[in-house]
Amino acid sequence: MRNTASFAGQVLDQPQNILEIEGLQMFFPILKGFLRRQVGSIKAVNDVDLSIRRNEVLGLVGESGCGKSTLGRCILRLYEPTGGTIHFDHGGERFSLLDLKKHEMRKMRRSIQMIFQDPFSSLNDRMTVKEIVGEPLLVNQVASGRELEDRVERMLVRVGLRPEHMRRYPHAFSGGQRQRIGIARALAIHPALVVADESVSALDVSVQAQIMNLLKELQAEFQLTYVFISHDFGVIRYLSDRIAVMYAGKIVEIAARDELLHTPRHPYTEALLSAVPRVKAHQRRDRILLKGNPPDVSNLPKGCAFSERCSYAKDICSNQVPVLRGVGEGHQAACHFAVEIKLRGI
Amino acid sequence: MTKLIEIKNLRVHFDVDEGTAKAVDGVSFDIGENRVLGVIGESGCGKSVTAHSILRIVPSPPARMAGGQILFHPRSNGGVQAPPVDLLTLDPKGEDIRKIRGKEIGMIFQEPMTSFGPLHTIGDQIMETIITHDRTSKAEARTRTIELLRRVGIPNPEKRVDDYPHKFSGGMRQRAMIAMALSCSPRLLIADEPTTAIDVTVQAQILELLRELKEATGMAILLITHNLAVVSELADEIVVMYMGRVMERAPAEELFNNPLHPYTIGLLHSIPVLDGPVVRLEQIKGSVPSPCALPDGCVFHPRCDKCRQGVCDGQEVPELKEISPGHWVSCFPQPGGRGL
Amino acid sequence: MIQALKNLFVPNRSPELDFRASQFRLVWRKFRRHRLAKIGMVGLFVMYILATFAEFFVPVDPRQRHREYVYAPPSRIHVVDAEGRWHWPYIHGRTRTLNRETFRYEFPENVGVRYPIHVLVKRTPYHLLGLVPLNRTLFGTAEGAPPLFLMGADRMGRDLFSRIIYGGRISLYIGFAGVGLSFFLGCLLGGISGYLRGRTDEVIQRFIDLLLCLPTLPLWMALSAAVPRDWGVTQTYFAITLILAVVGWAGLARVVRGKFLALGQEEFVLAARAAGCSDARIIFRHLFPSMASYLIVSVTIAIPGMILGETGMSFLGLGMQSPAISWGVLLQDAQDLVNLAHHPWLLWPCFFVIAIVLMFNFVGDGLRDAADPYARV
């Protein structure tokens, strides 16, 4: 079992990691009563270690409430994490994101951008497309005036829109086109790392494919690193190089894409894969039907958070929290029996 | 196979500021007893409006029932088959349609959170449906409610029956919703995006439950969804809709193994699947047109790879034709291509 | 500029212009379809014009006393004389006489002489708004002729119609001024409350609760007791405005705070933060513009409250005092029921108050419906 400290030391020697997250915690206080006393906390992200390699697409998959979106927002410090560290490697320098002052962090945001989920609420209706896409360039003093317009125009054309769309307001666009605007906004400033939070979930199937293909092309073209967050294993498989599975605020398994899909080492990954509905009806196999629901993250069970729903659970599972440990080449899983049990992939 | 419901050339138009939106424009299909018909399509294709038209719960205005028939075959009464009722001729607020809603046709919605009123317990709300339709005593309704909740897999139904909706999780609420829809043993269950708002592990549970219930009760299901995979899990027959029209209709296996309409093929190629090698997705170009300004000819032609100028974009709308037994396609025949 | 104005009023059919239509234009387009709101808008426009340029529109000097016309009922305007001949509209002089049976004064017309109502009639020179020198008013009888009492005269023989138009200056604008001030307070405190959240929010909210708990009437009484009696009209005016604003900002602060909290969760605000926008830019470029339509609606609905507030205070003798002219002051004359029964025209100011409040509410309704141009049917 690798302990986290030596793990972090190792990564230091490998500058191919663009982002290193260690022991990240995001606990939201539950306040009650007139005096706003804290009566508990929602452990949305609970002790997450994760490193993201340069130019890779890391897929973050999990069910609603597992903390994947919160984790994504913590990377940009849209939420202020309550514990842990995030190191960002940029331009040969290593920044500790959580220690940066507010204005320093604002400057850092030109290198870390986000693509949002909802193509409707993520664009300000009161601004023209030019103002929306140009905003990151403007506030970061990258470009202004004629140059800003040129860059916005080039970006719009690149994401499949037309230059004359610049003067329009968002209400003139369909969901897919709005998502293209959102992508243009995130990429106009040439970030190094892009967090895409359920960016294709709200789109229709035919448009979803367009946007996924676009995201793939842009990644190669701009040498981007993506953290791609989704609940849809199909989408994650299509886009990611590595996949991390989250459950109840923790990463339960992480591995290269095919490794994770074919030889999962965590029972939750197995169940999640099995639950995904498949198009080819004749290929339907015996499905693992999980009992119950994901646990309440403000009131976690004592041992493994998945133990109550797990068909492989033994005594130790309800007493001791399993640690994320190496179980193979670049493959880590947080299960007491990750090595012992044989699980079924796709 | 005895037909349970026949939809013939249904047209539902919405009068909006921008003009007339033809949400449903000449849709026909039928559902046999104990069969599952899946209707798939992207947002705005008219699948939900079709389903809501069956129960006559489309708000009108702005909607207008512009034509067609929805024939519902009532239960045979001691061997005598009563003539079918055209649901479109009924008064949407009248007594007749209310007798059919819930009793003959049940419905479950996408959003289990908003389907229950927050002020009454789950049990009270289900019991109310039973009492209105079957005129049973309160005690009997309660026993039946508990039985139903047990049936849909809610643990500890004796206790949970007195819980308020907010105490139920999303999946549980969807189960309760199904219990309510089943309370008067309807012969047709309309499931409108029943798993869209819930997580994939819970979705698997709900689909399994629907399959079981269908086997056990002998009801038919009309499953409306945008998710091809979900529909393939459950449906015997599938209708593909686009911009208010039926593009293709075929038995499930046939549709997935031998799709004929370019739109169906495009859809199948757009979904990222878990099987097979990861290859670039073939996308359908363009986006869905405004329902107020439908293209002439075949509604799909501006986005179609196989579109032929002068044929597909003319004034003539392609008819839904039976190509092989049970397989219907609405596409102009391609010269030398795929037998259309 | 002219094209922009034209676009505003003439519905354009080009789709590209539709796509480029700003929020404001979409709201306006929807607002135009609301008939009552349009009527209200026009009515308010006319009322405000009348009140603003009151000097020009009144037929009689509102402060001039006509001893021979005390409590005179409205003048009858004739166009046909006793012989059936048509004339330009005219009035007759009237003589105040005591009816020996009812012991009430009556005003029989002296049919002999006709006094025509002139358009742009000559007056003693005056300054419109204190700036533009003029010597004519829109209409009225010639100088020296019996004055035209459109809505009767009050207990000192002053023309009620002219007084109402003058009173509109105070009563209509106090709404704007009061709302302006409470708008400022509301945005400031509501904004702080909604953006900072936490303890600050809690403290401000509890303070607002407290303020909303206090019954308005005693609060008015207490505050206006603090206004010195010897203050002039202008000073009292500002004092009253201040009182109304201090009492009225709380509701608006609630609206602003609620909107801040709701919009703070929207992805476009997160996107702005992710883009590196400063707090100030987020507040002024994203949050406030997004709630502008709601704010305008709240303000439109708050103005009649302010107008009623001033009228109510003055009516009770807590606000403006004679010789200032406001609708509340005018209504003081209508306090006595017996008086009112004999001189029902004293209620005319009341009609104006009701009309204004209704029109504001129509406009507010229309704006509220139009405020969200993206809402679908």
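- Heavy-atom neighbours of chain B within the stretch residues 201-211 of chain A, taken at a separation under 4.5 angstrom, comprise A:D204, A:V205, A:S206, A:V207, A:Q208, A:A209, A:Q210.
- Among B:L228, B:V288, B:V273, the residue making the largest number of heavy-atom pairs under 4.5 Å with chain A is B:V273.
- By the neighbour-count criterion of 12 heavy atoms within 6.0 Å, atom NZ of B:K285 is densely surrounded, having more than that number from other residues, nucleotides or ligands.
- Listed options B:Q205, B:H269, B:E282 were ranked by heavy-atom pairs under 4.5 angstrom with chain A; first place goes to B:Q205.
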Going through the distances and angles, do B:R280 and A:M212 end up as a side-chain contact (heavy atoms from CB on, under 4.5 Å)? CA-CA 9 Å; B:R280 191 185 151 88; A:M212 285 198 293; over 6 Å; no
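- Within 6.0 Å of CD in B:E254 there are more than 12 heavy atoms belonging to other residues, nucleotides or ligands.
- Using a distance-only test at 3.5 Å, with no hydrogens or angles considered, a donor-acceptor pair links the side chain of A:N213 to the main chain of B:L281.
- Heavy-atom distances place the side chain of A:S174, and not its backbone, under 4.5 Å from chain B.
- Heavy-atom pairs under 4.5 Å with chain A peak, among B:V200, B:L267, B:T195, at B:V200.
- For B:V279, the part lying under 4.5 angstrom from a heavy atom of chain A is the backbone only.
- Looking at B:P289, neither its backbone nor its side chain comes within 4.5 Å of chain A, counting heavy atoms on both sides.
- The contact between B:E208 and chain A is made entirely by side chain atoms (from C-beta outward), counting heavy-atom distances below 4.5 Å.
- Of all the heavy atoms in B:E233 and A:P277, the pair that sits closest is OE2-CA, 3.5 Å.
- Between B:D199 atom CG and A:H231 atom NE2 the span is 7.5 Å, to the nearest 0.5 Å.
- Although no hydrogens or angles enter the test, the distance criterion places no donor-acceptor pair under 3.5 Å between the side chain of A:Y238 and the main chain of B:L274.
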